[in-house]
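All figures in this text were calculated on a predicted structure; none of them were measured in a lab. By convention in this document, chain letters (A, B, ...) are assigned in the order of the sequence lines, proteins followed by strands, and residues within each chain are numbered from 1.
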Amino acid sequence: MSELKTGTDLVPLARKEENAIVAQVQGEIDLHNSPELRSALLQLLLPAPPKKLILNVSGVPYMDSSAIAVLVEALQKMRKAGGKLYLTGLQPRVRGLLEIARLDTIFVLKSTEDEALKAP
Amino acid sequence: MDANERIEIKTTSDPANLAGARHQVETFCHELGMSDGPCAEVGLCVNEAMANIHRHAYGGAVDKPIHLTARRVEGSIEIQIRDWGNGEAPTELPEWKSDPLKPGGLGLICLNQLLDRVEFAAQSDGMLLTLAKRI
């Protein structure tokens with residue numbers, strides 16, 4: 001396991017575990033700071049996306065559509081590289097917005113990081 | 001009308017102001033007796049409406065005025081958001097995204113799904129958006 005730096009308080013912890021990158025995301029995310037989240041996630045996908053990108057969003061009480069767009073962009077980059085994006089620990093407001101966006105069945109949702117790490 | 005049953009927010013189109021505005025509106029919703037879920041939905045819709053004003057009406061400018069009022073009207077909360085931008089209303093209020101992975105449009109879908117009334121009224125110098133949700 002190795003720690004990764006993202007340079008933003010929105011992603012205070014990230015680590016590489018074998019073929020996965022696990023990142024904690026925290027804070028309310030809207031159009032003001034979603035570009036910062038985008039930069040951090042794209043940085044994590046360099047030089048090559050892992051097989052799994054696991055985003056623990058249990059510390060995110062709120063997202064708006066601009067944050068969802070960032071997640072979709074990361075999902076598409078992962079898919080293009082043959083990988084999967086997992087979201088863990090969703091709070092109700094974030095889950096609700098994913099449902100409105102019809103993305104709750106497109107992202108792989110897990111309760112915990114461990115579940116995501118063990119998933120096929 | 002009771003002074004406590006109306007709030008007014010005069011701000012600018014800087015996205016840095018989104019959080020403050022939605023928090024104030026959510027607090028007001030709670031004061032009117034709305035439960036957590038609907039308060040959050042109204043806050044999200046205010047966020048999305050103001051973000052669209054920043055992006056579309058003001059073309060990304062951060063220093064343009066946005067005036068918001070929220071008040072109780074009979075059994076609903078009514079929010080009016082005035083801007084002095086290009087005055088162009090969306091051509092449609094979609095209910096669903098036909099392709100969830102296609103970017104854009106989610107903000108308007110939130111307005112359509114989560115609110116009871118959404119009205120864009122073009123003004124001679126901008127737009128007046130009225131949003132309402134039953135308490």
[atom1] ([X]) with more than 12 external heavy atoms under 6.0 Å:
X        : atom1 : value
A/Lys16  : NZ    : yes
B/Asn86  : CG    : yes
A/Arg38  : CZ    : no
B/Arg134 : CZ    : no

- Query: Side chain, backbone, both or neither: which part of A/Leu31 has an atom under 4.5 Å from a heavy atom of chain B?
  - Reply: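 Both backbone and side chain.
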- Message: Report which part of A/Gln76 has an atom under 4.5 Å of a heavy atom belonging to chain B: side chain, backbone, both, or neither.
- Response: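 Looking at A/Gln76, just its side chain touches chain B.
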Membership question, hydrophobic clusters at under 4.5 Å side-chain separation (ILVMFWY): are [Y] and [X] in the same one?
X        : Y        : answer
B/Ile66  : B/Trp84  : yes
B/Leu108 : A/Leu97  : no
A/Leu85  : A/Met63  : yes
A/Phe107 : A/Tyr62  : yes
B/Val42  : B/Leu111 : yes

- Out of A/Val72, A/Asp30, A/Leu75, A/Asn33, which one racks up the most heavy-atom pairs below 4.5 Å with chain B?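 Highest number of heavy-atom pairs under 4.5 Å: A/Asp30.
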Rounded distance [0.5 Å steps], [atom1] in [X] versus [atom2] in [Y]:
X        : Y        : atom1 : atom2 : result
A/His32  : B/Asn47  : NE2   : CG    : 12.0 Å
A/Glu28  : B/Leu18  : CD    : CG    : 11.0 Å
A/Leu103 : B/Leu106 : CG    : CG    : 8.0 Å
A/Ser65  : B/Leu44  : OG    : CG    : 7.5 Å
B/Asp99  : A/Ile106 : CG    : CD1   : 7.5 Å

- Taking every non-hydrogen atom, the tightest pair across B/Pro100 and A/Ala101: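 Nearest heavy atoms, B/Pro100 then A/Ala101: CB-O, 3.4 Å.
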- For side chain to side chain contact (heavy atoms under 4.5 Å, CB included), just list the numbers for B/Leu101 and A/Arg79, CA-CA rounded to whole Å, side-chain angles, deciding distance to a tenth of an Å, and then say yes or no. CA-CA 12 Å; B/Leu101 295 178; A/Arg79 282 182 165 185; 3.3 Å; yes
- Of all of B/Gly43, B/Ala40, B/Cys110, which one pairs up most often with chain A through heavy atoms under 4.5 Å apart?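 Greatest number of close heavy-atom pairs with chain A: B/Ala40.
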- Going by an N to O cut-off under 4.0 Å, is there a salt bridge joining A/Asp64 and B/Arg22?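 Not counted as a salt bridge, because no side-chain N and carboxylate O are separated by less than 4.0 Å.
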- Got a salt bridge between A/Arg93 and B/Glu41, using NZ or NE/NH1/NH2 to carboxylate O under 4.0 Å?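 Salt bridge flag = no for B/Glu41 with A/Arg93.
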- Task: Could you check A/Ser66 against B/Glu48 for side chain to side chain contact (heavy atoms under 4.5 Å, CB included), going step by step and ending with a plain yes or no?
- Result: CA-CA 9 Å; A/Ser66 71; B/Glu48 297 296 341; over 6 Å; no
